[in-house]
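Below you'll find the structure, written out as structure tokens, and then a few comments.
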Amino acid sequence: MPKMAASRHFDSDNGPFWIGDSRVESGLCQITTKGKTHPIEQQVMRVLLILASHAEQPVTGEAIIESVWTDSVPNDEGLTQAICKLRKVLGDRPSEGRIIQTIRKVGYRLVAPVAHTRVSPLHFTIPLSVSTMRQDNPTRRSIRIRVDGNWIAAAALLSMTIFFVSQTL
């Protein structure tokens, strides 16, 4: 497999980034998942940064070892342990491969979405007054409707894309 060519670069200078629902702060060597912050060893963080820089692309074990363990004897066991620690923190299992996929006799591939910014789902309620004279609703409770912000975010993104494309034509 040819040498790695980074398509994106993730490091401490770029600030935090997200892998799926997990916030990665490489400068602090920590990952926050489901509200819990996990400290990560520097070499384990470097493995994650390499995988994030090549998201969706397979990266050979040799390439990761050469990039991360530059000052020590290359060791497949160190890489295996780093991947195991990352899977544990990110909530992945080797058999599932939802976040890190093992590609036999090749290496690993980060399959979860990677982003520098994250659009949080907007969850809000719109109170609607219900005025009724019926006797079975003596408290006159209001009805709450939950609107999923993912649809709103998707519609806004689509609108902006259409606007920018129309400006370039």
Side-chain angles (χ1 to χ4, degrees), residues 1-40 42 44-61 63-64 66-68 79 82-83 85-104 106-130 142-169:
M1 187 169 273
K3 279 274 192 200
M4 299 182 302
S7 55
R8 288 176 240 143
H9 186 66
F10 293 90
D11 60 23
S12 57
D13 297 337
N14 296 340
F17 64 95
W18 282 261
I19 295 178
D21 291 333
S22 299
R23 178 184 165 114
V24 179
E25 295 174 274
S26 59
L28 299 175
C29 283
Q30 65 185 23
I31 299 174
T32 304
T33 304
K34 296 180 182 176
K36 186 173 181 187
T37 302
H38 305 272
I40 300 295
Q42 191 172 14
V44 175
M45 182 59 73
R46 283 200 229 143
V47 170
L48 183 59
L49 293 174
I50 290 169
L51 292 173
S53 295
H54 299 84
E56 296 291 326
Q57 301 171 8
V59 182
T60 66
I64 296 171
E66 287 175 11
S67 297
V68 174
L79 175 58
I83 295 293
K85 289 175 184 178
L86 288 171
R87 283 183 170 139
K88 183 176 180 181
V89 169
L90 296 170
D92 195 14
R93 293 182 184 165
S95 59
E96 293 175 354
R98 294 177 301 108
I99 298 171
I100 300 173
Q101 181 183 51
T102 300
I103 303 172
R104 295 204 184 279
V106 174
Y108 300 94
R109 181 171 74 129
L110 188 65
V111 293
V114 179
H116 276 291
T117 58
R118 181 173 181 218
V119 178
S120 298
L122 302 174
H123 295 287
F124 55 91
T125 57
I126 303 170
L128 297 177
S129 297
V130 176
S142 53
I143 297 173
R144 299 212 180 251
I145 300 173
R146 187 175 197 117
V147 179
D148 186 3
N150 291 335
W151 288 104
I152 294 170
L157 183 62
L158 180 63
S159 298
M160 290 186 328
T161 303
I162 290 170
F163 173 77
F164 286 120
V165 169
S166 67
Q167 296 299 312
T168 59
L169 296 179

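Between V114 and V24 the shortest side-chain heavy-atom distance does not fall below 4.5 Å. You'll find the side chain of P94 reaches within 4.5 Å of the side chain of R87, heavy atoms only.
Screening I50, L51, V44 for a side chain to side chain contact (heavy atoms under 4.5 Å, CB included) with V47, the sole residue that qualifies is L51. The only option from I64, L86, V59 that meets the side chain to side chain contact (heavy atoms under 4.5 Å, CB included) definition with Y108 turns out to be I64.
Here T161 pairs with L157, V165 under the side-chain contact (heavy atoms from CB on, under 4.5 Å) rule; sequence neighbours left out. Remark: R23 pairs with P16, W18, E25, T32 by the side-chain contact (heavy atoms from CB on, under 4.5 Å) rule, at least two apart or across chains. V89 meets the side-chain contact (heavy atoms from CB on, under 4.5 Å) test with I31, T33, H38, I40; sequence neighbours excluded. Under the rule for a side chain to side chain donor-acceptor pair (under 3.5 Å), R93 has no partner lying at least two apart in sequence or in another chain. Checked against side-chain contact (heavy atoms from CB on, under 4.5 Å), R109 has the following partners two or more places apart in sequence or in another chain: E56, P58, Q101, I103, V111.
Across all their heavy atoms, L49 and S26 have their closest contact at CD2-CB, 3.8 Å. Looking at every heavy atom in both residues, G20 comes nearest to A112 through N-CB, 4.3 Å. Across every non-hydrogen atom of A115 and F17, the tightest pair is O-CB, 3.2 Å.
Between I99 atom CD1 and I83 atom CD1 the span is 12.0 Å, to the nearest 0.5 Å. Rounding to the nearest 0.5 angstrom, the gap separating the CD1 atom in I100 from the CG atom in L90 is 5.5 Å. With rounding to the nearest 0.5 angstrom, the NZ atom of K36 is 13.0 Å from the OG atom of S22.
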